[in-house]
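Below: one structure, written as structure tokens.
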Amino acid sequence: MSSLSKAGVPDIPHTKRKMDKAKAKKYFFKYVVSLVRWIFILGMCFVVLYPLFSKIMISFMSIEDMYNASVHYIPQQFTFNNYLNAWTRFGGWETFVNTFILTLLCSVLQVASATLVGYGLARFKFRLNKLVFVLVIVAMLLPPDLLFSPRYGIFLNLGLSMRWLFGEDFTMIGDTYIPMLAFAITCTGLKCSLYIFLMRQFFRGMPKELEEAAYVDGAGPLKTFIKIMLPGAVSMMVTVFLFSFVWQWLDTSYTSVFCKNIDLISTRFSDLSNSWVTDPSATTSAGGSTALSTSLVKNAGIVIIIAPLIVLYAFTQRFFVESISRSGLVG
Amino acid sequence: MATQAKAMPKIPKFKNKHALEAKQRRYGYLFCLPFIIGAVFFVLYPLVLSVLYSFSDVMVENQRGLVMRNWGFQNYNEIFNIDTSFRENILTSLKDMAINVPVVVIFAFFMASVLNTKFLGRGFARSIMFLPVIISTGVVISLSSGDLAASLMSSGDRFATADSGDAIQVTETFQNMLLQMGLGQGFTDFIISAVGRISEITNLSAVSIVIFIAGLQSISSSIYEAAYIEGATKWEVFWKISLPMISPLILLSIVYTVVDSFTSDSNKVIYQIHQQILGGVNDVSSAMAVIYSLIILAILGVVFLVLSKIVFYQD
């Protein structure tokens, strides 16, 4: 104040100008930052979306397009042949329905059991709580293939011992969904420990007062869980369902061991791409190489596999983003 | 005595002091029952069996199922002394892990910080950044690698020869520049291979981005307000508030990335083990899996011990 009054009137516009300058600098800085951020994010989105984009575009191309240097990404000879080809190689609707049933059953069971176990670990004090949680973490850390051989043995022997019930040809492993469903119910299947962990963290983040109020009003733990906690956990359950559905749908490690005789999209497709049978119609049509035509069919196949998942993601991403912000992940 | 009982007739109801706790215990076991059963039958028992398999010859017999014979170290002898591919694969996967983990964690943290700021289209950008969880796992990633049509689309001999030539030159110039700066061959290779893996890195870091965004949002804004009122700069706030508050999640993210890179289907060791299992070789594959798990657990143990000293817990 004193310095200002000493300098007198002329100083006031000066400081004002200075302030304007600072303001301008601040705004300039802000815009530059947001511009850089936009460019960065666009670049990252490009990195993520480009492979998908190129796959979709390639899947519509005919083999002539591949040899035509003027074709960049928009196919000139638009064709659905790759899709038809891939679809018959999958085994058509039967395979699709098989995969859908298995995936849906597994993911629903996984979500249900992960929710129960996660809630049990988050809210109830019992002697083995810590031990069970440690087991969840251990099951998460171990490579699944370590347990595949023994699990295979268990179900093989179980199937053999049940032959008196189901007939002489009965093999539980490979022919039935039973092993996969057993893993799903007991929450020891594909990445199930991660789901338990997520549900546990989520329930721990929910306010305790909710349950206490319910207990005071006379509701038992079961009723409290169903009526109070479950509605609040919908977003996380949808997220876990999304993860579980997607990973089960694309999984080849469990299904190639435990459902090897059932036609599933993922296993069928990876088998076919490992030892791709030459398709005469594809080679003769353009006289081109088989490798290239199989590659086109492969791209179409990837789009077929991914498409249901993208649709699912589009519907559930709202819950997904919400559950992240409320996931209560604090280490 | 009698009058007392008359005066307080409700006392017998509270006779069991630990009724609530007993109830809690019972319901705790009830809720966790699925996993407890699963852990015993599908985790612990197979774990023991797997170790037993690795020390014996496992055969599938027509009526008796899997049987173990000929106990001894022959499986371990085979994977270490006879067939060297297992050792090589382990070294490759260790090297991959060493490159991927730091890059993924730093990248994910950076991405999460950017996605956590307010800007137009944030929701859209977020849902795109989480997309790799869906489109690049499992069978898709193994099919997409080395795809002929895709590489033809972008290859030099079909079109855009000059562009790709330039790109290679840029990389070479960059590499030479780094070398001339005296950063050493090892570090330069690290940077170059990290840049070359950008697509792989975005795929791997999707879950870590989710973890970090969740963590950044859980820091209460009052801490930031207090810091800014005290005159802290953004730089200081980042180092003194954001980073310590999020350090437990950095640990979580590192552990997740390590586990992910070790147990994903695209890992060479996992692929080798899986092919053995599919081929019906259960004993050698068990020996490999046991050794591999021990290595994973050892590395995670070291990571955990080193980092848990740095990590800051608020409560």
Side-chain angles (χ1 to χ4, degrees), chain A residues 34 37 41 45 47-48 52 54 58 66 69 113 116-117 119-120 124-126 132 135 139 141-143 145-151 153 156-157 160 185-188 221 246 250-253 256-257 266 269-270 273 291-292 295-296 298-299 302 306 309 313 317 321 324-325 327 329-331, chain B residues 24-25 27-29 31-32 34-35 37-39 42-43 46 49-50 53 65-66 114 119 125-128 131-132 134-135 137-140 143 147-150 152-153 158-159 198-199 202 210-211 213-215 217-218 248-249 252 259 263 265 270 273-274 277-278 282 285-286 289 292-293:
Chain A
S34 64
R37 186 168 57 203
I41 285 170
C45 289
V47 169
V48 171
L52 188 64
S54 78
I58 288 172
M66 292 312 295
S113 57
L116 285 176
V117 177
Y119 184 64
F124 293 103
K125 287 196 193 94
F126 54 98
V132 172
L135 277 177
L141 301 184
L142 290 176
D145 285 75
L146 173 67
L147 306 176
F148 276 176
S149 297
R151 283 176 176 185
L156 190 72
N157 293 357
L160 286 177
I185 290 175
T186 56
C187 226
T188 46
V246 166
L250 297 175
D251 172 61
T252 52
S253 63
S256 63
V257 175
S266 55
F269 200 31
S270 71
S273 71
L292 200 56
S295 174
L296 290 176
K298 225 196 240 181
N299 276 294
I302 291 175
I306 292 179
L309 304 178
Y313 182 64
Q317 61 93 17
V321 173
I324 291 162
S325 54
S327 63
L329 276 176
V330 279
Chain B
Q24 281 238 322
R25 228 177 296 143
Y27 274 98
Y29 285 119
F31 274 105
C32 293
F35 183 75
I37 294 174
F42 298 135
V43 178
L49 271 185
S50 194
Y53 282 2
L66 284 185
V114 172
F119 59 88
R126 276 189 188 178
S127 30
I128 286 183
L131 207 57
I134 290 174
I135 55 173
T137 43
V139 67
V140 176
L143 286 179
D147 183 51
L148 187 66
L152 247 180
M153 274 314 276
R158 188 156 165 271
F159 48 79
I198 179 77
S199 176
T202 44
V210 173
I211 294 175
I213 287 185
Q217 286 183 339
S218 71
L249 291 180
L252 181 67
V259 171
T263 58
D265 297 342
I270 292 291
I273 296 174
H274 201 74
I277 293 174
L278 289 184
N282 290 309
S285 69
S286 288
Y292 190 55
S293 314

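Side chains included, hydrogens not; waters and symmetry mates left out as well; all remaining heavy atoms used. The sequence lines fix the lettering, A, B, ..., with proteins before strands; numbering per chain opens at 1.
In this structure, the portions of A/Thr186 lying under 4.5 Å from any heavy atom of chain B include both its backbone and its side chain. In this structure, the portions of A/Ser266 lying under 4.5 Å from any heavy atom of chain B include both its backbone and its side chain. Within the 4.5 angstrom heavy-atom criterion, only side-chain atoms of A/Leu52, from C-beta onward, approach chain B. Only the side chain of B/Ser285 comes within less than 4.5 Å of a heavy atom of chain A; its backbone N, CA, C and O stay farther away. Contacts of A/Leu160 with chain B are made by side-chain atoms alone, with heavy-atom separations under 4.5 Å and no backbone atom involved. Both the backbone and the side chain of B/Ile270 come within contact range of chain A, judged by heavy atoms closer than 4.5 Å. In this structure, chain A has heavy atoms under 4.5 Å from both the backbone and the side chain of B/Phe35. Contact of A/Ile185 with chain B is made through the backbone alone, with heavy-atom distances under 4.5 Å.
Chain B forms the most heavy-atom pairs under 4.5 Å with one residue out of A/Val257, A/Asp145, A/Leu156, and that residue is A/Asp145. Considering only heavy-atom pairs separated by less than 4.5 Å from chain A, the leading option among B/Ile128, B/Ile273, B/Val43, B/Val259 is B/Ile128.
Under the 3.5 Å distance criterion, the side-chain polar atoms of B/Ser50 are matched with a main-chain donor or acceptor of A/Leu146. A/Tyr313 places a side-chain N or O within donor-acceptor distance of the main-chain N or O of B/Ser127, the cut-off being under 3.5 Å.
Listed by chain and number, the residues in a side chain to side chain donor-acceptor pair (under 3.5 Å) with A/Ser253 are A/Asp251 (sequence neighbours excluded). Annotation: side chain to side chain donor-acceptor pair (under 3.5 Å) contacts of B/Ser286 (sequence neighbours excluded): none.
Side-chain contact of B/His274 with A/Ser256: a donor-acceptor pair under 3.5 Å is present, judged by distance alone.
By the 4.5 Å heavy-atom criterion applied to side chains, A/Phe124 and B/Cys32 are not counted as neighbours.
Taking both residues in full, the closest heavy atoms of A/Leu141 and B/Thr263 are given as O-CG2, 4.3 Å, listed atom of the first, atom of the second, then distance.
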